[in-house]
Amino acid sequence: MDSTKAQDITRHIFKDEDKGCEYIKNLALSDSVEVLTKIIPALINEAEEKKNVNDAGYFSWLNDIYRKIVIEKLMNAEHLWTIYCDNTGYPYVVDNDIVVLYDYANHLKVEERLKKYGFSISFGIEDGQGIMSEVGHMYRNGIKNIRFIDGRDNMLTISREEIATYDMFFKDEYVTNPALQNALISFFQEFRKDKVDDNSPVLASKETDLKVALRNADFMVPCTKEETDDSVSIAHPYVDITDKVEHKEGEQVLALPVFTDGIELDKCYFDKHENMLYTYMELLKSVTEIGASGIVINPLGVSYYVPLDIMKKIMAVMLSLLACTVLLAGCNTSSESNEEQSLKVYSFSGENEYISVSNGVIILDGKDEICYGGDLKVMSDDFANITTYSTTIYINGSEKETLLSNGVDDQTGGTIDVSGNIGKISGDILRDSDADKLTDNLWFELKTTNLNGEESTYRVQLETTEITKEVKK
């Protein structure tokens with residue numbers, strides 16, 4: 001927008017009886033968006049610099065009015081272009097938002113920009129009805145906002161609730177699974193992109209979100225029922241995915257198809273099967289009982305295969321992160337049976353009046369040993385001025401055997417927040433003779449130094465439970 005057009009719009013805002021509303025309705029879509037992204041913010045900023053609270057409030061009030069007008073214009077636009085990520089088939093997601101172009105002139109620049117980061121994209125042509133449908137999918141997929149962009153320097157972020165509410169798409173009894181859908185889309189968008197940079201930190205974060213979402217989700221599982229006077233028989237269909245995943249020679253990989261919601265289920269089994277709703281624990285037991293190789297989530301969506309051994313480890317560690325290599329080998333078949341039987345997972349926690357440790361996990365699978373320290377929380381004001389601290393998890397036997405030790409030292413003269421994640425370690429961290437001592441002799445130690453140079457030590461015995469006994473039933 002040139003300066004003459006901007007001045008003309010500003011004049012209508014100040015002079016027209018309707019505060020420029022009718023004028024903005026008749027503006028080109030790109031110009032009306034700039035009223036919200038440039039003109040009104042500039043007026044608010046000018047009023048705030050002059051410390052004119054009344055004018056700032058007045059322009060904020062106008063912004064709310066204009067925002068409704070512009071949203072209506074966007075929803076009535078003849079053409080909008082949703083950016084789709086080719087490696088997932090879903091709209092491209094950035095910080096829980098999808099992105100829609102309202103001006104196609106610069107689409108090649110957008111495509112080139114995303115390609116530099118490894119993303120191959122395409123543009124879906126939409127009208128207002130198409131965007132409305134997309135909002136329904138946003139609720140399913142845990143997406144919060146739409147970023148309307150022109151491909152240059154304008155971006156207007158609109159929440160899904162400003163366009164339509166959840167109950168306009170779904171009834172109360174309809175099953176949606178937004179946390180898991182969101183985690184699946186976000187993880188595979190990053191995992192399947194072209195590797196143009198080191199994305200391991202981002203991938204690790206999204207991996208954590210995915211493991212938590214899997215463990216907390218409910219799953220729709222198709223089934224057929226046969227009822228007699230005396231009993232009800234339930235059978236689940238299999239999907240043969242042998243040719244789609246790595247497997248041992250001669251092995252057939254039969255996965256149980258599971259779905260995050262009814263829309264994903266209908267893609268495969270529309271009106272052909274009944275379905276049951278399983279928690280993750282119920283799903284794990286069913287897969288074990290029927291002898292399936294694992295599960296495949298949304299076969300005609302993201303299509304994610306989780307082998308049985310990985311399912312057990314997810315269950316075992318609860319909300320803790322498994323080693324990154326475990327997930328990256330997620331398409332491998334199940335481990336050898338003797339390795340499964342040697343898997344032992346311990347959870348631990350403990351507290352006293354000063355500190356608490358929770359969500360700690362130790363994994364022993366016959367080859368690898370992993371210790372996740374869990375979360376440390378301080379419960380006293382004594383920790384407000386800490387400059388240095390160290391944490392240690394150890395077995396207190398005939399001699400002290402350290403499993404995990406970390407230290408933090410502030411070099412800037414400031415203080416440190418002691419609460420947080422304790423960290424993890426993997427490798428040969430435990431002597432064979434000490435595995436049996438975990439349940440009664442595991443301890444946590446915190447050493448601190450404050451601004452005055454005073455040192456303190458806090459210890460708490462950790463209550464340890466082997467949770468794989470329950471998983472293997």
Side-chain angles (χ1 to χ4, degrees), residues 1-13 20-45 62-63 65-135 137-138 143-160 162-164 185 189 193-194 196:
M1 183 188 298
D2 58 34
S3 60
T4 302
K5 175 62 73 68
Q7 290 172 3
D8 190 42
I9 293 173
T10 304
R11 180 175 60 81
H12 280 279
I13 290 174
C21 290
E22 194 64 31
Y23 182 77
I24 292 171
K25 288 179 182 178
N26 294 318
L27 283 173
L29 179 58
S30 58
D31 288 339
S32 62
V33 170
E34 285 197 43
V35 170
L36 294 180
T37 61
K38 292 185 177 179
I39 293 177
I40 291 297
L43 292 171
I44 293 174
N45 185 59
L62 284 181
N63 183 76
I65 294 175
Y66 298 157
R67 189 174 179 86
K68 294 176 182 178
I69 294 172
V70 174
I71 290 174
E72 185 176 353
K73 287 176 66 106
L74 286 165
M75 296 305 294
N76 289 320
E78 187 175 348
H79 295 301
L80 296 166
W81 295 267
T82 301
I83 299 177
Y84 282 85
C85 193
D86 293 342
N87 64 19
T88 64
Y90 290 88
Y92 172 72
V93 177
V94 53
D95 293 335
N96 266 349
D97 300 347
I98 64 172
V99 185
V100 174
L101 274 171
Y102 62 83
D103 185 344
Y104 197 62
N106 290 284
H107 74 283
L108 291 177
K109 291 183 179 180
V110 174
E111 187 173 357
E112 182 181 338
R113 199 154 55 232
L114 287 175
K115 190 173 183 179
K116 289 181 179 178
Y117 294 98
F119 297 108
S120 176
I121 65 167
S122 54
F123 297 91
I125 303 176
E126 315 271 12
D127 56 13
Q129 185 176 355
I131 292 298
M132 181 65 76
S133 175
E134 196 59 63
V135 171
H137 291 299
M138 288 170 66
I143 306 299
K144 302 299 183 183
N145 307 296
I146 301 178
R147 300 186 185 187
F148 289 95
I149 66 171
D150 63 359
R152 297 189 301 273
D153 58 352
N154 278 301
M155 181 176 72
L156 178 63
T157 302
I158 296 175
S159 70
R160 60 192 184 186
E162 291 180 274
I163 299 174
I185 294 169
Q189 178 178 286
K193 76 174 188 178
D194 296 334
V196 297

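Position 1 is the first residue of the sequence; numbering continues from there. When reading the values below, keep in mind they use all heavy atoms of this one structure, side chains included, and skip hydrogens, waters and symmetry mates.
A heavy-atom distance below 4.5 Å is found between the side chains of D150 and Y102. With a 4.5 Å cut-off on side-chain heavy atoms, I83 and L114 count as touching. Residues E134 and H137 form a side-chain contact, since some pair of their non-hydrogen atoms from C-beta on lies under 4.5 Å apart. Using a 4.5 Å heavy-atom cutoff, the side chains of N145 and R160 are not in contact. Within the 4.5 Å cutoff, side-chain heavy atoms of C21 are placed close to those of I69. Residues L74 and I131 form no side-chain contact, since every pair of their non-hydrogen atoms from C-beta on lies 4.5 Å or further apart. Looking at I13 and I39, their side chains come closer than 4.5 Å, going by heavy atoms from C-beta outward. Under the 4.5 Å side-chain criterion, counting only non-hydrogen atoms from C-beta, M138 is in contact with I146.
Heavy atoms from other residues, nucleotides or ligands lying under 6.0 Å from CD1 of I65 number more than 12.
Although no hydrogens or angles enter the test, the distance criterion places a donor-acceptor pair under 3.5 Å between the side chain of N26 and the main chain of E22.
A donor-acceptor contact closer than 3.5 angstrom links the side chains of S122 and D86. Between the side chains of T82 and E126, a donor-acceptor pair is found at a separation under 3.5 Å. Side-chain N/O atoms of T37 and N154 include a donor and acceptor closer than 3.5 Å.
The aromatic rings of W81 and H79 sit tilted, their planes meeting at an angle between 30° and 60°. By the 30° and 60° cut-offs, the orientation of the rings of H12 relative to Y23 is parallel.
Interatomic distance, R147 CZ to M155 CE, rounded to the nearest 0.5 Å: 5.0 Å.
Every residue two or more places apart in sequence or in another chain was checked for a ring pair (Phe, Tyr, Trp, His ring centres under 6.0 Å) with Y117, and none qualifies. Residues forming a side chain to side chain contact (heavy atoms under 4.5 Å, CB included) with R67 (at least two apart in sequence, or on another chain): L36, I71, L156, I158, E162.
Residues Q189 and C85 share a closest heavy-atom pair of CG-SG, 3.7 Å.
Here the rule is salt bridge (charged side-chain N to carboxylate O under 4.0 Å, His left out) with D31, and of K5, K25, K38, K73 only K5 fits it. Remark: of the listed residues V110, V33, T157, V100, V110 is the sole one forming a side-chain contact (heavy atoms from CB on, under 4.5 Å) with I149.
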Let me see the working for Y92 and F119 under ring-ring contact (aromatic ring centres under 6.0 Å, His included), right down to the final yes or no.
CA-CA 9 Å; Y92 172 72; F119 297 108; 5.2 Å; yes
